[in-house]
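What follows is a single structure, written as structure tokens, with notes after it.
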Amino acid sequence: MEVSDYINKAMTFAENAAKLSQKMSQGLVENARELGFPGASDSSAQYFDTSDEKMRNIKRQLDAKNDREKLDGLKRLIAMISKGRDVSEFFPDVVKNVVAQNIEVRKLVYIYLLRYAEQEPDLALLSVNSFQKDLSDKNQIIRAMALRVMSGIRVPVISPIVLLGIKKCATDSSPYVRKTAAHAIPKCYSLDPTQKEALVDIIATMMKDRSTITLGSTLMAFNELCPTRFDLIHPCFRKLCSVLDECDEWGQMAILGVLLRYGRHQFLNPNPQTQQNSSSTMTTITTRQNRRGFYSDTSDDEQEVPRAIDTADTLDPDHDLLLKSCLPLFQSRNSGVVLAVARLFYHLAPAAQANTMARPLLRLMRSHRELQYVVLSNIAAMAKTRPFMFQSSLQQFYAQSSEPVFIRNTKLDILTSIATETNIEMLLNELQQYIKSQNKDFVAASIQAIARCSTRVPSATDRCLRLLMKLLHSSNDLVVAESVLVVTRLLREPLEDNKRSVMALAKLMETIKVPMARASILWLVGQYAEVMPRVGPDVLRQAVKNFTQETNTTKLQILSLSAKLICLDPTHTTLDKLNQYVLNLARYDLNYDVRDRARLLRVLTLPDPGKETPGVVFLKSNLKQILLTEKEPPVVKHDNEPEFTIGSLSLLAGQSLPDYEPLADYPEKQPDPSVRDIVELEGWSGSRTMIIEKGFGSDGFESRYRGGSSFSGTSTAVSGVVASGLSSAYGVRKGNNYDLEAFYDERSEEESAEESAEESEEESEEESAEESAEESEEESEKESEEESEKESEKEAHKSRLIKK
């Protein structure tokens, strides 16, 4: 053999070896990619490649026979959806893969269909049959996603099919599937409202579910369809209270909302006579809180034991059960849950127990500013009617320079609401520091807060007024102007003690330039014109000089001041000339409001003997009463009065938003509490019931009249009232069963007792064997349920990873 032949063979062998190694490396990479190793490929970033070549290959990949190619194409589509790109053009190609055998492919197909089923309802209808088949799939995630997609097709024609799917999934063995069925109920109702009665029956059935995963979603559907059907809540009220801390966070919020509305309909007002902000009721609580710091080792429960016992004695047992069941949720890490519990305590609990929600709400303030603003807004609304809850935490609401203005303003509202005689000095010192801020709006809000403190605490009015008068000498024009406005409100009543303050304000007319402040000074001088007769004419003389340069608001007050002075002294010649001069200037003013007021005051102040009508004469005779009427004392005005439910969006917006429903008033008479003492299923913890293992309503009745297929072997729970009378009513009991025949037997009790004793000895051996068999069956069922739950958790974890 020649050398060239050896060389050719060697080259061929090398080429084959290179191809083999390349195939092996590609196979290893693909296998590793399927197993989900993070370093097996170029990572998931390759699916976000939006080049034209990659996008053209998606359709080919979706039509491929290889599942690996389909997975790559679907992952690329899901990646494009996550980036916000519209990939609805591939909808027909994706729908064809809904019958794929690969579970991973079907999961991705369902994720895609959930996104575009509403946009392409006609094409989605083509796969309804496959969705119905998937409702019986072994994988619980496939069953749940099939129902989600089917309920997401917005075509009213398939509403009966969706209803059948919901009924089937509502009794599924997996709680995850039942939870999905509860989520599909509102979708089916919005698709076809005529199915409401059937859907309500499903909700009533799902209310009896023992899984805490399902209860929250069921009550969300209850809120959407029948929020006032409290007859559905009666049998499961105590169960909801007992499992409240075991539900997920979103389910807890839904349950708390339902229980709040239920409590307002079924329980009496816990504060019937005393108002919620009664200082006499809460004096001891407030003083106890003032003695300890915020981080004291003593808990609120220890502080409130005597008062809590007093209020608990007057509450309905179920009302007290509800409040005690909600207490642990104050420690939840979810701010929505904490706020929901606070709402329930605010609207449903006695005022003495309201202190328990102060610290949890203060804990939420240590979060980001959006959440902090929501919490502060609700605290501000609560503090208007129950200031005693937060008076011991005054320093927690001090404003920080790093906080945004909307948070600082909300804190100012809270500070003025919880002001008392004991903390007013500390509060005024803090507000005085806020006036030095560089933010003009915050400075104005701080000055207004000082005025609110004077009206909130009448004993501190002089202290607040002196502080405001000091601000009149500030070099900041905004501070001076805002102080003038606030002082004017405080000096509405003409008193002898306020003359110095009015004189100081009158001297500012030469320097102050803010229109509202000038108008306020002119109005105040007019109110004190009778008490200070020499100040008014001089102020009017200075104001008339620049009448044409003043704003419309100031011009109106100049006209009113001139009329007031003429009314008090009609014979004063200088005032008469000034009045005529001002009226002539206003007669040709550009503003029609100024012209109209000048025309009115001309008739009332200038004499015109030949043209005066009886009406004008009557008005002139009462001119002093018209212009110098006494004003009411200033009233504290709050921007966030609790007109709306605590924790609602309408409270933050300050107006009633769509779909907002206020809470109902408490009933005048106590509703019948026995509606909650009814027949319940075994395992409903929290109910005052007795369990009868195999009594009436179990084997004999159900097997005879209900077929005994699905009801045989179940236990029945009846209320304590009914159970207490069973022994006397039925008389004799055979083993675990009550002997109904003995109830109708006319023989003596001794004969029947002897016969029952003999029969009980014969049946004891049989019952022991039956009980051991039942225990073994229960243990096997528990093991199978635990294995199915573990598998469902694994599948759910995988689906979340795929979504990511």
Side-chain angles (χ1 to χ4, degrees), residues 369 372-373 376 380 383 387 390-391 393-492 498 500-521 524 634-640:
R369 62 180 190 176
Q372 188 179 2
Y373 173 71
L376 286 173
F390 306 100
Q391 286 174 357
S393 305
L394 177 71
Q395 297 181 356
Q396 301 296 324
F397 301 105
Y398 283 174
Q400 305 295 331
S401 59
S402 59
E403 294 174 342
V405 179
F406 57 87
I407 289 181
R408 287 188 284 178
N409 291 341
T410 309
K411 285 187 174 181
L412 286 178
D413 293 338
I414 299 174
L415 289 173
T416 54
S417 298
I418 62 179
T420 59
E421 295 181 359
T422 57
N423 59 19
I424 188 64
E425 292 293 334
M426 187 191 317
L427 180 57
L428 290 178
N429 293 334
E430 183 69 16
L431 294 176
Q432 193 172 0
Q433 299 299 322
Y434 295 162
I435 299 174
K436 301 177 183 179
S437 174
Q438 299 297 325
N439 190 300
K440 297 181 179 180
D441 296 334
F442 182 62
V443 171
S446 301
I447 296 174
Q448 294 174 4
I450 296 176
R452 290 200 297 271
C453 288
S454 66
T455 55
R456 184 81 183 181
V457 185
S459 59
T461 302
D462 295 338
R463 172 79 168 84
C464 296
L465 188 59
R466 289 196 302 270
L467 178 59
L468 292 172
M469 294 303 296
K470 289 181 181 179
L471 298 178
L472 296 177
H473 304 287
S474 175
S475 58
N476 191 338
D477 295 337
L478 176 63
V479 174
V480 176
E482 194 65 32
S483 300
V484 168
L485 295 175
V486 171
V487 171
T488 302
R489 299 193 191 102
L490 297 178
L491 301 178
R492 284 188 175 185
N498 299 332
R500 287 188 177 182
S501 301
V502 176
M503 185 70 71
L505 291 175
K507 292 180 181 179
L508 294 176
M509 281 295 297
E510 298 180 358
T511 57
I512 196 167
K513 302 299 180 183
V514 180
M516 286 300 299
R518 292 178 63 85
S520 299
I521 293 175
L524 188 62
V635 180
V636 182
K637 294 184 179 180
H638 301 295
D639 297 332
N640 291 328

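Throughout, numbering of the chain's residues begins at 1 and tracks the sequence.
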For residues 461-472, which side-chain donor-acceptor pairs fall under 3.5 Å, sequence neighbours excluded?
unit_1 : atom_1 : unit_2 : atom_2 : d
Thr461 : OG1    : Ser454 : O      : 3.1
Thr461 : OG1    : Pro458 : O      : 2.8
Arg463 : NE     : Glu425 : OE1    : 3.3
Arg463 : NH2    : Asn429 : OD1    : 3.4

Please list, chain by chain and in numerical order, all residues satisfying ring-ring contact (aromatic ring centres under 6.0 Å, His included) with Tyr398, sequence neighbours excluded.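 Once residues adjacent in sequence are excluded, Tyr398 has no partner under the ring-ring contact (aromatic ring centres under 6.0 Å, His included) criterion.
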Identify the two heavy atoms, one from Ile407 and one from Leu376, that lie closest to each other, and give their separation to 0.1 Å.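 Nearest heavy atoms, Ile407 then Leu376: CG2-CD1, 3.6 Å.
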If you look at every heavy atom in Gln395 and Met426, which pair is closest and at what distance?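 Taking every non-hydrogen atom into account, NE2-SD, 4.0 Å.
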Tell me every residue that passes side chain to side chain contact (heavy atoms under 4.5 Å, CB included) with [X], counting only those two or more places apart in sequence or in another chain.
| X | value |
| --- | --- |
| Asn409 | Val405, Leu412, Phe442, Ala445 |
| Glu510 | Gln542 |
| Gln438 | none |
| Ser459 | Glu421, Val457 |

Kindly write out the residues that satisfy side chain to side chain donor-acceptor pair (under 3.5 Å) with [X], not counting sequence neighbours, or none if the list is empty.
| X | answer |
| --- | --- |
| Tyr373 | none |
| Thr420 | Thr422, Asn423 |
| Gln432 | none |

Residues forming a salt bridge (Lys or Arg N to Asp or Glu O under 4.0 Å) with Arg369, sequence neighbours excluded: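 Partners of Arg369 under the salt bridge (Lys or Arg N to Asp or Glu O under 4.0 Å) test: none.
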Suppose the criterion is salt bridge (charged side-chain N to carboxylate O under 4.0 Å, His left out): which pairs have a residue in residues 436-446, not counting sequence neighbours?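 Residue pairs with at least one partner in residues 436-446: there are none.
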With a 3.5 Å cut-off and sequence neighbours excluded, list the donor-acceptor pairs that the side chains of residues 478-488 form with protein atoms.
unit_1 : atom_1 : unit_2 : atom_2 : d
Glu482 : OE2    : Gln448 : NE2    : 2.8
Ser483 : OG     : Val479 : O      : 2.6
Thr488 : OG1    : Val484 : O      : 2.6

